[in-house]
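Everything on this sheet refers to the single structure shown next.
When reading the values below, keep in mind they use all heavy atoms of this one structure, side chains included, and skip hydrogens, waters and symmetry mates. Computed from a predicted model, the values in this text were never measured in an experiment.
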Amino acid sequence: MNPRNYFVYLLECADGTYYTGYTTDLSRRLAEHNAGKASRYTRGRLPVKLLYQETLPNKRLAMQREYRIKQLKRKEKEGLCKISP
């Protein structure tokens with residue numbers, strides 16, 4: 001059993017688009033995004049800022065949640081960000 005937590009996150013890119021991903025180290029991953037080393041999508045849309053995050057107990061649940069967030073419409077993602085603690 002892996003005691004590590006996983007994070008699902010939603011970023012807003014400089015062009016106003018959203019990016020969703022998952023990681024085990026959110027601060028490291030955000031720094032990688034802003035350094036242009038994390039994903040091809042965000043590389044051309046810097047800087048990015050964190051809008052939303054969730055903590056999940058394992059990779060499988062994180063991947064499932066990431067997929068569900070990616071399926072949401074933009075307005076639904078905006079609503080998700082409003083309820084974020």
Between Arg43 and Tyr41, is NZ or CZ placed under 6.0 angstrom from the six-membered ring centre and within 45° of the ring axis?
no
Is there a donor-acceptor pair under 3.5 Å between the side chain of Asn5 and the backbone N or O of Thr24?
no
To the nearest 0.5 Å, what is the distance between CZ (Arg60) and CZ (Arg65)?
14.5 Å
Lys77 side chain near Leu10 side chain, heavy-atom distance below 4.5 Å:
yes
Are any non-hydrogen side-chain atoms of Leu26 and Leu50 less than 4.5 angstrom apart?
yes
According to a 4.5 Å side-chain heavy-atom criterion applied to Ile, Leu, Val, Met, Phe, Trp and Tyr, with indirect links allowed, do Tyr22 and Tyr67 form part of one hydrophobic cluster?
no
If the plane angle is over 60° it's perpendicular, under 30° parallel, otherwise tilted; pick one for His33 and Tyr9.
perpendicular
Between Thr23 and Asp25, does any side-chain donor sit less than 3.5 Å from a side-chain acceptor?
no
Is the number of heavy atoms from other residues, nucleotides or ligands within 6.0 Å of CZ (Arg74) greater than 12?
yes
Residues Leu51, Leu80; criterion side chain to side chain contact (heavy atoms under 4.5 Å, CB included); working and verdict:
CA-CA 9 Å; Leu51 294 180; Leu80 188 65; over 6 Å; no
Rounded to the nearest 0.5 Å, how far does CG of Leu72 lie from OG1 of Thr20?
8.0 Å
More than 12 heavy atoms of other residues, nucleotides or ligands under 6.0 Å from NZ of Lys49: is that the case?
no
Do side-chain atoms of Ser39 reach the backbone of Thr42 as a donor and acceptor pair under 3.5 angstrom?
yes
Please tell me if the side chains of Val8 and Ile69 come closer than 4.5 Å, counting only heavy atoms from C-beta onward.
yes
Any sub-3.5 Å donor-acceptor pair from Gln71's side-chain atoms to Arg68's backbone N or O?
no
In sequence, state the C-alpha distance, the side-chain angles, and the governing distance for Phe7 and Glu54, and then conclude on side chain to side chain contact (heavy atoms under 4.5 Å, CB included).
CA-CA 5 Å; Phe7 301 92; Glu54 279 183 44; over 6 Å; no
Starting at CG of Asn58, measure out to CZ of Arg4 and round the result to the nearest 0.5 Å.
11.5 Å
Lys/Arg-Asp/Glu bridge criterion (N-O < 4.0 Å) met for Arg29, Glu32
yes
Atom OG1 of Thr55 and atom CG of Leu61: how far apart are they, to the nearest 0.5 Å?
12.5 Å
Nearest 0.5 Å, what's the CD-CE distance between Glu66 and Met63?
7.0 Å
Rounded to the nearest 0.5 Å, the OH atom of Tyr18 sits from the SG atom of Cys81 at a distance of 5.5 Å
